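Just so it is clear, the structure is predicted and the values come from calculations on it, not from any experiment.
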Amino acid sequence: MVRVATLLLLRHGRTTANADGGLAGRQPVELDETGRTQATAVGERLKGLPLAAVVTSPLIRCRQTLELALPEAEPVVEEGLIECGYGAWEGQPLKKLAKEPLWPVVQQHPSAAIFPEGESMAAMAARAVAAVRAWDARVSAEHGPEAVWLACSHGDVIKAIVADALGVHLDLFQRIVADPASVTAIRYTPLRPFLVRLNDTGGDLAGLVPPPRKRRRRAVRATDSDAAVGGGAGAAR
């Protein structure tokens, strides 16, 4: 695979709203004790990774996650990574929302879903994908193709970014799972993205760091974005 920067998408830890079955949206809900434990644990997994940049949704649950996971980092707030604007749905119990006429649209045809007094899911996906692609290009230009960087965001936002990376329609994004404090890895090559890891809640992350380049940098070839036929050898160990 072509040598390109690696994006790690980190979902925030569990919140009080998650635990209570509510839809937090952009409300200032905070991590609960389980979420704090999750954030600390993912910090152990991230320890030692040479992160070239750390960016975050402006919401407090993401900032709290990074404070616990990467206490020495200086995250940059990226508005494009903020949670979907659920409007009048925010703060409501999911059991109640499941009875709304919009609920099956959100589940089966999310690209058409526009939340009352809020944002459309299509708009959320577009601005989130634009944000991570812009940051990835910036990190690659400033730190080179071996760079690893991290973005902390929310479940639906991460799922939308993954759907784009897989080249699937937004209407299929509900098939993707992004658990609290999970890590998902994507590499954006010149031709197409590669989903390297999805919803990882316990694996070793060291293998996501590309090994040092041993030869002189060569020009990008047309085959640099080709997939490895047969599956490839995987990360160096």
Quick one: does Arg61's side chain have a donor or acceptor within less than 3.5 Å of a partner on Gly13's backbone?
-> no
What closest approach, in Å, do Ala5 and Ser140 show between heavy atoms, and which atom pair accounts for it?
-> CB-OG, 3.3 Å
Kindly determine whether Phe194 and Ile186 satisfy side chain to side chain contact (heavy atoms under 4.5 Å, CB included), including the steps that lead there.
-> CA-CA 6 Å; Phe194 285 88; Ile186 297 173; over 6 Å; no
Can you list every ring-ring contact (aromatic ring centres under 6.0 Å, His included) pair that touches residues 16-43, not counting sequence neighbours?
-> none
With a 4.5 Å heavy-atom cut-off, do Pro116 and Leu102 have their side chains touching?
-> yes
Any side-chain heavy-atom pair of Asp32 and Asn18 under 4.5 Å | no
Please confirm whether the backbone N or O of Gly80 pairs with a side-chain atom of Arg127, one donor and one acceptor, at under 3.5 Å?
-> yes
Shortest non-hydrogen separation from Gly85 to Phe115 and the atoms involved | O-CB, 3.9 Å
Look at Arg133 together with Asp136 and state whether they make a salt bridge at an N to O cut-off of under 4.0 Å.
-> no
Can you check side chain to side chain contact (heavy atoms under 4.5 Å, CB included) on Glu83 and Glu90, steps first, answer last?
-> CA-CA 11 Å; Glu83 178 66 284; Glu90 291 187 0; over 6 Å; no
Could you tell me whether Glu33 atom CD has more than 12 heavy atoms of other residues or ligands within 6.0 Å of it?
-> no
Any side-chain heavy atom of Tyr86 within less than 4.5 Å of one from Leu97?
-> no
Among the clusters formed by ILVMFWY side chains lying less than 4.5 Å apart, do Val105 and Trp103 turn up in the same one?
-> yes
Please determine which of Gln64, His154, Gln27, His12 meets the side-chain contact (heavy atoms from CB on, under 4.5 Å) test together with Leu59.
-> His154
Exercise: do Thr34 and Arg14 side chains pair donor with acceptor under 3.5 Å | yes
Closest contact, heavy atoms only, Ser57 versus Cys62 | CB-SG, 3.8 Å
Are Val196 and Thr6 close enough that some pair of their side-chain heavy atoms sits under 4.5 Å apart?
-> no
With respect to Pro75, which candidate in Val54, Thr65, Val55 satisfies the side-chain contact (heavy atoms from CB on, under 4.5 Å) definition?
-> Val54
State, with a plain yes or no, whether a side-chain heavy atom of Leu49 is found less than 4.5 Å away from one of Leu150.
-> no
Identify whether Val209 and Leu70 are in the same connected component of the hydrophobic contact network (ILVMFWY, side-chain heavy atoms under 4.5 Å).
-> yes
Keeping the roles fixed (side chain from Gln174, backbone from Val106), state whether a donor-acceptor pair exists under 3.5 Å.
-> yes
Leu172 and Ile158: same hydrophobic cluster, using ILVMFWY side-chain contacts below 4.5 Å?
-> yes
Donor-acceptor under 3.5 Å (Asp200 side chain, Val183 main chain) = no
When hydrophobic residues are tied together by side-chain contacts of less than 4.5 Å, even through go-betweens, does Val76 share a cluster with Ile60?
-> no
If you group Ile, Leu, Val, Met, Phe, Trp and Tyr by side-chain heavy-atom gaps below 4.5 Å, do Ile82 and Leu31 land in one group?
-> no
Could you state the interatomic distance from NE2 (His109) to CD (Gln107), rounded to the nearest 0.5 Å?
-> 13.5 Å
In short, Leu81 meets Ser153 closest at the heavy-atom pair O-OG, 2.7 Å
Check whether any side-chain heavy atom of Leu208 lies under 4.5 Å from a side-chain heavy atom of Val148, and answer yes or no.
-> no
Heavy atoms of other groups near Glu100 CD, more than 12 under 6.0 Å = yes
Calculate, to the nearest 0.5 Å, the distance between atoms NZ and CE belonging to Lys159 and Met124 respectively.
-> 8.5 Å
Donor-acceptor pair, side chain of Asp171 and main chain of Phe173, under 3.5 angstrom = no
Contact summary for Ala181 and Arg45, nearest pair of heavy atoms = O-NH1, 4.5 Å
Do Arg197 and Leu205 have side chains that get closer than 4.5 Å, going by heavy atoms?
-> yes
At their closest point, which heavy atom of Cys84 faces which heavy atom of Val157, and how far apart are they?
-> N-CG2, 4.3 Å
Measure the SG-CG distance between Cys152 and Leu9 for me, rounded to the nearest 0.5 Å.
-> 9.5 Å
Check whether any side-chain heavy atom of Val132 lies under 4.5 Å from a side-chain heavy atom of Tyr188, and answer yes or no.
-> yes
Euclidean distance, Arg11 CZ relative to Thr201 OG1, rounded to 0.5 Å = 12.0 Å
